[in-house]
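A short write-up of the structure that comes next.
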Amino acid sequence: MTPGFGAMLLGGGLALGRFARQVATNGLPVVFVVNYVSFFLFATLAAKPASNYGIRLVLLVDLPVRVFGFIGLHAVIYVLSADLFGSFGGSRATALRVVAPTLARSILFENISGAYLYATLVSALPLYVTAIKNSGTLGGLSRRLPGRSGPLVFAVAFFAFTVLALTAFAALLIWWQAH
């Protein structure tokens, strides 16, 4: 959203180096770890399709792992970046203070963390679709929608809920830091 940002990156130099470092040390680890946990949960569900896991179990496991994992990994990486690269003025406290505001703005793609957020959340769709199909209540409700779109529609709704939960938690952290 910064005018001229693309041209600045294409020019190479310090801006490109810092951007690449941020993607390599923050984006890739966060997206990899959160998606790895989600794919592991999906594999567990898919391995026993006859089992009725229910959407509650998936949300009780997947949603907190995504929200706390996303926030926790950012906090750890920001602190390490302060130590290793002098980011945030080299201050661990500053690094921790900017986590919540950064993540709260990521829902609107106001920063690069928005790309990481949606990259971690899109991977939940197969997990949610499988859980919804296996759910007695939501599976039945989803079959009332035309065609085979029902589980996907419900999965997209859970996707939106996850985004809102993460944003609400980040906003709560901002409020807590201010008081």
Side-chain angles (χ1 to χ4, degrees), residues 1-43 58-59 61-129 152 155-179:
M1 296 185 75
T2 303
F5 185 68
M8 187 171 51
L9 291 179
L10 289 174
L14 187 60
L16 178 61
R18 287 187 177 170
F19 181 77
R21 181 183 72 204
Q22 203 280 336
V23 170
T25 62
N26 185 334
L28 292 176
V30 167
V31 171
F32 178 80
V33 170
V34 172
N35 283 341
Y36 181 83
V37 171
S38 178
F39 290 143
F40 180 79
L41 186 57
F42 175 73
V58 170
L59 290 179
V61 174
D62 187 67
L63 183 60
V65 165
R66 283 181 190 282
V67 171
F68 293 117
F70 194 78
I71 292 171
L73 286 168
H74 270 83
V76 168
I77 290 168
Y78 282 17
V79 167
L80 289 174
S81 292
D83 286 344
L84 298 173
F85 307 118
S87 302
F88 311 105
S91 169
R92 290 177 173 183
T94 301
L96 289 174
R97 275 195 302 274
V98 301
V99 170
T102 298
L103 299 183
R105 289 191 310 268
S106 67
I107 190 174
L108 300 174
F109 276 109
E110 291 181 7
N111 53 44
I112 187 109
S113 291
Y116 310 151
L117 171 66
Y118 288 100
T120 59
L121 296 179
V122 167
S123 69
L125 290 176
L127 172 66
Y128 291 170
V129 167
L152 183 59
V156 169
F158 282 116
F159 173 90
F161 178 75
T162 304
V163 170
L164 292 174
L166 178 60
T167 303
F169 190 73
L172 181 65
L173 285 176
I174 292 169
W175 176 84
W176 179 68
Q177 285 176 339
H179 291 87

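Everything numeric here is computed off the predicted structure, so don't read it as measured data.
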Where do L125 and A155 come nearest, in terms of heavy atoms and distance? CD2-O, 3.7 Å

Closest heavy-atom contact between A95 and V98? O-CG2, 3.3 Å

If you round to the nearest 0.5 Å, how far is [atom2] of [Y] from [atom1] of [X]?
X	Y	atom1	atom2	value
S87	N26	OG	CG	10.0 Å
L103	I71	CG	CD1	6.0 Å
L96	H74	CG	NE2	13.0 Å

State, with a plain yes or no, whether a side-chain heavy atom of [X] is found less than 4.5 Å away from one of [Y].
X	Y	result
L73	P29	no
L80	F85	no
D62	L127	yes
W175	L172	yes

Side chain to side chain contact (heavy atoms under 4.5 Å, CB included) between Y118 and F159: does it pass, once the steps are laid out? CA-CA 9 Å; Y118 288 100; F159 173 90; 3.6 Å; yes

Aromatic ring proximity Y78/F88, centre distance under 6.0 Å: yes

I'd like to know whether CZ of F32 has more than 12 heavy-atom contacts from other residues, nucleotides or ligands below 6.0 angstrom. no

Could you check whether atom CZ of R18 has more than 12 heavy atoms from other residues, nucleotides or ligands sitting under 6.0 Å from it? no

Could you walk me through whether I112 and F19 satisfy the side chain to side chain contact (heavy atoms under 4.5 Å, CB included) test, starting with their C-alpha distance in whole Å, then the side-chain angles of each, then the deciding distance to 0.1 Å, before giving a yes or no? CA-CA 9 Å; I112 187 109; F19 181 77; 3.5 Å; yes

Side chain [X], main chain [Y], donor-acceptor under 3.5 Å:
X	Y	result
R105	N111	no
S91	T94	yes
N35	V31	yes

Between S81 and R92, does a side chain to side chain contact (heavy atoms under 4.5 Å, CB included) hold up when you go through it step by step? CA-CA 9 Å; S81 292; R92 290 177 173 183; over 6 Å; no

For side chain to side chain contact (heavy atoms under 4.5 Å, CB included), just list the numbers for I77 and V30, CA-CA rounded to whole Å, side-chain angles, deciding distance to a tenth of an Å, and then say yes or no. CA-CA 9 Å; I77 290 168; V30 167; 3.7 Å; yes

Donor on one side chain, acceptor on other, S38 and R66, under 3.5 Å: yes

